[in-house]
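The structure appears below as structure tokens.
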Amino acid sequence: MSSEIIGKIEILSSGELALFLESGGKPSYQLVYREAAEISWDNELKAFTSPVPRQWSYSDWFSHILKVTQNCGISLSRSENTSWVNVPVAVKEEICAKST
């Protein structure tokens, strides 16, 4: 199991949720697509991304990314230094409550 710290959580201008890794990740993380769970590794951004929420909330997608990456042998976790960009306070609180 590979452990990674989430350096930044951002809602992109496209509406996707992106989890940027402090380490910059690994190109092999792109294989997460094999889980067929709508989660992608963006090698240019160096981040895991979700689609724009339709029925699920951003916090649901955050939890889903953690679960799917865990299935791929990658353990993601937030730290005190994780930055939040373009994430409304209510969404941040919801994500923090689900991932504590």
Side-chain angles (χ1 to χ4, degrees):
M1 180 75 61
S2 168
S3 294
E4 293 279 3
I5 302 296
I6 300 167
K8 179 172 66 169
I9 298 169
E10 180 175 357
I11 297 175
L12 304 174
S13 60
S14 63
E16 299 167 296
L17 178 66
L19 307 184
F20 295 83
L21 306 182
E22 283 184 356
S23 72
K26 300 175 185 172
S28 64
Y29 289 174
Q30 67 188 344
L31 299 177
V32 72
Y33 82 90
R34 290 182 176 177
E35 293 291 308
E38 295 190 78
I39 302 302
S40 301
W41 170 255
D42 187 312
N43 209 37
E44 287 184 30
L45 291 177
K46 307 292 187 207
F48 287 104
T49 60
S50 75
V52 176
R54 298 174 302 271
Q55 295 177 351
W56 287 4
S57 67
Y58 282 111
S59 65
D60 291 335
W61 278 110
F62 179 86
S63 298
H64 187 63
I65 291 171
L66 296 186
K67 180 181 176 186
V68 170
T69 55
Q70 185 88 23
N71 291 345
C72 293
I74 309 161
S75 175
L76 301 181
S77 59
R78 292 183 299 110
S79 76
E80 292 178 6
N81 298 324
T82 300
S83 64
W84 300 79
V85 177
N86 199 31
V87 179
V89 173
V91 173
K92 178 181 176 180
E93 289 172 351
E94 209 175 306
I95 289 171
C96 289
K98 282 189 172 184
S99 63
T100 304

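Just so it is clear, the values below take in all heavy atoms, side chains as well, and ignore hydrogens, waters and symmetry mates. Being a predicted model, the structure only gives us computed values, none of them experimental.
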Exercise for the section: Would you tell me whether D60 and S63 have side-chain atoms, one donor and one acceptor, within less than 3.5 Å of each other? Expected result: no
Problem - Residue pair W61 / E38, side-chain heavy-atom distance below 4.5 Å - result: yes
Exercise for the section: Could you tell me how the ring of Y29 sits relative to the ring of F48: parallel (under 30°), tilted (30 to 60°) or perpendicular (over 60°)? Expected result: parallel
Exercise for the section: Nearest 0.5 Å please: distance from the CZ atom of F62 over to the CD1 atom of I6. Expected result: 4.0 Å
Problem - Side-chain donor/acceptor of N86 to backbone N/O of I11, under 3.5 Å - result: yes
Problem - Interatomic distance, T69 atom OG1 to L76 atom CG [nearest 0.5 angstrom] - result: 3.5 Å
Handout entry: Considering all heavy atoms, the nearest C96-R78 contact
Key = SG-NH1, 3.6 Å
Problem - Spatial distance of atom CG (L19) from atom CD1 (I95) [nearest 0.5 Å] - result: 8.0 Å
Exercise for the section: Using a 4.5 Å cut-off on heavy atoms from C-beta on, say whether the side chain of W41 contacts that of S28. Expected result: no
Handout entry: Heavy-atom pair with the smallest gap, counting every atom of V87 and E10
Key = CG2-CA, 4.2 Å
Completion exercise
When every non-hydrogen atom of E94 is compared with those of S57, the smallest separation belongs to OE2-OG, 3.5 Å
Exercise for the section: May I ask you to test the R34-C72 pair for a side-chain heavy-atom distance under 4.5 Å? Expected result: no
Handout entry: Heavy-atom donor-acceptor pair, H64 side chain to A37 backbone, under 3.5 Å
Key = yes
Practice task
For residues A18 and A47, report the shortest heavy-atom separation together with the two atoms involved.
Solution key: CB-CB, 4.3 Å
Practice task
Look at the side-chain heavy atoms of Ile, Leu, Val, Met, Phe, Trp and Tyr, link any pair under 4.5 Å apart, and say whether W56 and V91 land in one connected group.
Solution key: yes
Problem - Single-linkage hydrophobic cluster L45~I9, side-chain heavy atoms < 4.5 angstrom - result: no
Exercise for the section: State yes or no: do F20 and L66 share one hydrophobic cluster built from I, L, V, M, F, W and Y residues joined by side-chain heavy-atom distances below 4.5 Å, directly or via other members? Expected result: no
Problem - Spacing of NZ belonging to K46 relative to NZ belonging to K8, to within rounding of 0.5 Å - result: 13.5 Å
Handout entry: Close side-chain approach of V32 and I74, heavy atoms under 4.5 Å
Key = no
Completion exercise
Minimal heavy-atom distance between S79 and E22, with the atoms involved, is OG-OE2, 3.9 Å
Exercise for the section: Would you check if E4 and S75 make a side-chain contact, meaning some heavy-atom pair closer than 4.5 Å? Expected result: no
Handout entry: Interatomic distance, I39 atom CD1 to I65 atom CD1 [nearest 0.5 angstrom]
Key = 4.5 Å
